[in-house]
Amino acid sequence: MFARSAKDDGMGSLLYDGGTCRFRVWAPFAKSVKVEGVFTAWAAGAIDLNAEGNGNWSGEIDGVKALDLYKYLIENVGGPGNDDSVLLERADARALQVESSDAPSASYVIAPFNQTGRPAFTPPAFESFILYQLHVGSFSGLHDVPAAPAGRRTATFADVIPKLPYIKGLGFNAVALLPIGDVRDDLGGVGEGYGTCDMFAPEDEYGTNKSTAVADLLALVDAAHALGLAVIFDVVYGHSAIDNNRYWRYDGNAYGATAGGEYFDRGSYDTGFGAGFAFWQQEIKDFFLDNARMFLRDYRVDGLRFDAIQLVQPDAIQYVVGSLQREFPDRYLIAEYNPGDGHAWGPAMDPFLGLHFAATWDLAAPSQAFDALSGVSPVDRLLSLIGDFQNPAPWCSVRYLAGSHDQIFNDGSDIARRYLVERFGGRANGWALAKARLAWALTATLPGTPMLFMGTEGHLDGFWNPDLVAGVDRRVDWDRMGDPTGAPMQRLVRDINNLRWAHPALRAPAGNVTHQDPEGQVVAFKRYTLDGDLLLIVVNVSDNQWAFHDYGVSTAGESGAWVEIFNSQAPDYGGVDTTGNFAERLGVTDGKLFMNVPRWSVLVLRKD
């Protein structure tokens with residue numbers, strides 16, 4: 001029997017110089033653990049690992065190479081709550097790469113991450129993120145070039161790289177990837193990614209082949225950084241996978257409320273999306289801290305978005321996120337936090353001071369925006385979206401008025417889950433297009449961190465799903481993204497994003513509402529910096545249109561001349577039969593700025 005590893009250097013497999021590999025796995029209910037692989041001629045030469053006395057089993061083995069496949073053979077101790085009827089064949093619980101999500105799949109030995117030669121990149125300041133949210137597997141491959149190989153619907157990390165300049169050209173400086181962890185992938189795609197089977201391994205279908213997923217993901221991060229794009233990963237710690245759950249009864253233990261073994265033992269519960277992990281155990285806390293730390297340290301991503309953290313007991317979140325905040329103070333740590341969820345742990349906590357996050361998902365914004373655009377208390381909804389400008393760090397709220405994956409993903413059964421333009425009549429409907437333009441223009445001018453979901457910038461209609469739905473392909477359709485309907489919206493997204501970069505006022509905390517008109521359904525607010533960058537944003541959520549400089553907008557005491565620098569209803573963006581104030585210098589009369597205001601519009605004016 002091999003001696004335990006003499007080095008306390010982490011879990012999983014670690015390849016040293018010279019071809020020696022350390023293997024360490026947590027299996028507290030194991031009677032014995034062996035490692036087998038191509039270096040042992042598989043089971044014929046399987047090598048015993050040694051118990052460390054703390055639930056871990058480890059050993060160092062010579063003759064191992066990068067990308068060698070391996071598995072663990074685990075014999076359970078037997079007795080009450082245990083199952084020793086079969087020898088368990090397991091992928092590494094901390095595998096950095098796997099063959100697939102299937103239970104008998106093998107793990108790959110991955111060489112240590114080499115940081116030499118990777119592009120230098122400084123994460124943006126928190127107030128300077130503009131996020132483009134995408135799903136790797138469905139972002140490319142439908143009517144684009146190069147087309148996906150025959151028989152393959154799932155795009156890869158490598159397929160995203162040629163599209164990064166497109167995202168950069170739209171004025172975004174960060175890509176927010178939906179979960180990239182390995183998931184069940186036998187449904188004609190890989191789904192949204194929120195049922196993670198392997199926490200440390202990227203989705204095998206996202207590799208150009210089964211052995212390149214890690215290298216390809218690293219290449220994607222580096223390509224983004226080389227272009228000046230930050231990268232944010234979405235991590236799912238609140239629940240386990242329902243199908244192909246790698247961690248379920250991992251070492252044969254079947255004890256606990258869910259009978260799921262050591263990863264789910266005592267204190268686990270049904271989250272509504274799969275069993276919750278047993279965060280009461282320090283080993284589980286460390287498992288997830290190591291996972292997040294790997295993404296930030298080894299992949300060098302610039303932030304993490306934590307899915308549904310209300311499903312995790314608060315002390316575990318404090319431990320994981322607090323540790324990350326101390327170790328990586330420049331990384332943008334975002335929480336999706338809904339304490340009103342019926343499966344939530346206990347009462348609400350402050351997600352910033354209490355749970356250590358830098359930002360939270362603004363869960364209410366899409367419905368507030370939809371209501372405002374539907375005529376439901378529109379001024380009240382706008383005022384709620386604009387806020388009171390009391391927050392000195394407005395970037396702590398991620399805003400996505402036109403919807404994120406949650407609002408746009410659909411299986412075809414929910415008419416409320418569609419791209420925004422579809423919900424208002426489709427891309428052939430002028431009002432729908434105007435409302436979609438308004439939604440992003442407002443998002444980019446509000447306090448907070450703007451985020452756009454892929455396809456919204458091309459006026460895509462219908463809904464998004466990475467898998468076939470009733471035989472219909474619902475991936476991003478590149479035939480439509482830049483067509484005569486989509487291209488004007490792309491220009492609008494580019495211009496308003498660049499306006500946000502050109503005007504620090506749109507990223508600063510200072511501002512105030514200057515004008516409220518419940519009858520006309522118009523609201524105006526100022527954004528400014530203390531060194532003189534001053535903008536007035538006018539929002540009209542109605543069919544009313546003023547075309548004779550006959551609408552007065554209160555400036556709350558501001559005088560001087562004003563120039564319109566953006567109009568979401570401009571003809572270049574697809575506006576038809578609308579008006580504006582292009583190339584005019586507007587003056588203040590009796591405290592009001594008299595102007596033209598197009599229907600369903602956002603206007604931005606600069607004080608000259």
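What you are looking at is a predicted structure, and each value in this text was computed from that prediction instead of being measured. Worth knowing before you read on, the calculation uses all heavy atoms, side chains too, and leaves out hydrogens, waters and symmetry mates.
- Among Tyr237, Tyr319, Phe200, Tyr250, the one residue that satisfies the ring-ring contact (aromatic ring centres under 6.0 Å, His included) test with Phe287 is Phe200.
- For the 3.5 Å distance criterion, the side chains of Glu99 and Ser105 fail to qualify, holding no donor opposite an acceptor.
- No side-chain donor from either of Tyr108 and Ser13 sits under 3.5 Å from a side-chain acceptor of the other.
- Residues satisfying the ring pair (Phe, Tyr, Trp, His ring centres under 6.0 Å) criterion with Trp361, sequence neighbours excluded, are Tyr400.
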**OP:** Take Asp234 and Tyr194 through the side chain to side chain donor-acceptor pair (under 3.5 Å) test and state the conclusion after the steps.
**Re:** CA-CA 9 Å; Asp234 197 329; Tyr194 287 94; 2.6 Å; yes
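- The cationic group of Arg417 does not satisfy the cation-pi geometry with Phe409, failing either the under 6.0 Å distance to the six-membered ring centre or the 45° limit from the ring axis.
- Using a 3.5 Å distance cut-off with no hydrogens or angles, the side chains of Glu52 and Ser58 do pair a donor with an acceptor.
- Side-chain atoms of Asp341 and Gln310 include a donor-acceptor pair closer than 3.5 Å.
- Nearest heavy atoms, Ile130 versus Asn173: N-OD1, 2.7 Å.
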Original post:
Does the pair Tyr263 and Trp26 meet the rule for a ring pair (Phe, Tyr, Trp, His ring centres under 6.0 Å), with working shown?
Top reply: CA-CA 10 Å; Tyr263 284 88; Trp26 184 51; 5.3 Å; yes
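- Taking the six-membered ring where the residue is Trp, the centroids of Tyr72 and Trp57 are separated by 6.0 Å or more.
- By the ring pair (Phe, Tyr, Trp, His ring centres under 6.0 Å) test, Phe113 is found to be paired with Tyr299, residues two or more places apart in sequence or in another chain being considered.
- Exactly one of Asp216, Asp204, Asp182 qualifies for a salt bridge (charged side-chain N to carboxylate O under 4.0 Å, His left out) with Lys210. That residue is Asp204.
- Here the shortest heavy-atom pairing between Asn76 and Lys31 reads O-CB, 3.8 Å.
- Applying the 6.0 Å contact sphere to CZ of Phe273 captures no more than 12 heavy atoms from other residues, nucleotides or ligands.
- A side-chain N or O of His225 and one of Asp302 form a donor-acceptor pair less than 3.5 Å apart.
- Residues Gln313 and Asp315 come closest through the heavy atom pair NE2-OD1, 3.0 Å.
- Aromatic ring centroids of Phe306 and Phe357 lie under 6.0 Å apart.
- Judged by the 6.0 Å distance and 45° axis criteria, Lys163 is positioned over the aromatic ring of Trp478.
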